[in-house]
Amino acid sequence: MKYHSLNNNSEAVSFKEAVVKGLAPDRGLYFPEHITPLSKELIENLDQYSNEEIAFEAIKQFVSDEIPSNTLRQIVSETINFDFPVVTLQENIGTLELFHGPTLAFKDVGARFMARCLGYFNAKNTEKVIVLVATSGDTGGAVANGFLGVDGVDVVILYPSGKVSEIQEKQLTTLGQNITALEVNGVFDDCQDMVKSAFLDNEISRQLTSANSINVARWLPQMFYYFFAYKQLYKQHSNIVFSVPSGNFGNICAGMMAQKLGLPIRHFIAATNVNDTVPQFMKDGKYNPKASKPTISNAMDVGNPSNFIRIQKLFNHSLEDLQSIFSSYSFSDELTKDAMQRIYNNSNYIADPHGAVGYLGLENYQLKNDEFGVFLETAHPVKFLDVVESTLDKKIEIPKDIKEIITKEKKSIAISTYEDLKSFLNK
Ligand SMILES: *Cc1c(COP(=O)(O)O)cnc(C)c1O
């Protein structure tokens, strides 16, 4: 499979090169040249197949022969070796829980898949690749955990000192092995700037790569969620819609890829917090990126969603075609807290702020459409402990794995300037 840049100014590349490079030289996102629907037999009999088989069938055309089938099967089965349950909350509402992975974040799937692909591609090189990431919270933990123990790859994570939650910090700093945490005296933007400088610096002797969500190996495996949910529901419900709490729009765009592969999804709802660039675009066709505003669903505080260009490409930049299968709504923190309370009172279910935004999107859509809907629960509520406990006025139970991690010893290296990072990378 070849991938071309959506800026149309770089050569088409192989899957391997797209994974190793991340972004095309013209700064465009990579996009597959063909999308071939899966067989009707598979789609109509999904409940007869294991999750591993479904995921392998969904991803194989995008990897083609660049990873041998047996290895790819192994990678897929390690990537998804946890549950993806749909929990029914109301007669016409279910939630797809994507937080059963090792860091309790849906980003685990993309990070684990990318780590294993990169490990495979780099296994024969004597020089290790360094994955360099800046994190404001969840991404770092998922990436660190996904790459833990992968041969041929070292991971260096920059995080802002004192600006991530205790759980998130421990997830980054207690793993050891090939994972190093650099604790930056600054804010998230300082971490991000240092990472950008390193990518542009010819004096850094090590090979660097990035593991953010624009990488095709992090984006594409998110298709699996929609197949797994559909498999659990299609015998009882026709016309299933999905509401996806969205920030960079990678997750929902992967859902649209699943639909292109033949999964009969009726409609997509992208639910956002007050960072409403896409909901505004859907109203008037004008795309006006803005500076992001902080909210309680902070993993979605994105003013210029990087994957939206892929969604437009999927619909040949036709607003009308997009509107026929996609709606997008924005919600305030007040409404989000109100939804968390209602979900708890009506269904005895604890949603995190991101899931609650997804719930609101679905509720809004269902005012005019009588269809069964699933909202995606993208993080475990314990990751947003303060907001959840104060909103519901209730203590929530901390899972065993998290309790264990909190007792582990933090190991980080303090840095303050770009020169500190550079000398760390070159030593
Ligand atoms: C990253 C993230 C999102 C947003 O996903 P996108 O693919 O960027 O739209 C939503 N919820 C949580 C908890 C996240 O970590």
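When reading the values below, keep in mind they use all heavy atoms of this one structure, side chains included, and skip hydrogens, waters and symmetry mates. We count ligands from 1, going down the list as the structure has it; atoms in each ligand are counted the same way. One-based numbering along the sequence shown.
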- prompt: Can the positive tip of K260 be found less than 6.0 Å from the middle of the six-membered ring of F315, inside 45° of the ring normal?
  reply: yes

* To do: May I ask you to check whether Y30 and H4 place their ring centres under 6.0 Å from each other?
  => no

Residue shell for ligand 1, any heavy atom closer than 4.0 Å, reads F106, K107, D138, P245, S246, G247, N248, F249, G250, N251, A299, M300, H354, T378, A379

- Message: Between T103 and Q168, is the side chain to side chain contact (heavy atoms under 4.5 Å, CB included) condition met? List the steps.
- Response: CA-CA 9 Å; T103 75; Q168 288 173 329; over 6 Å; no

Discussion item. Counting C-beta onward and ignoring hydrogens, is there a side-chain heavy-atom pair between N92 and Q366 closer than 4.5 Å?
Written reply: yes

Note to self: For Y3 together with F62, are the ring centres under 6.0 Å from each other?
What the structure shows: no

Is the distance between the ring centroids of Y344 and Y349 less than 6.0 Å? no

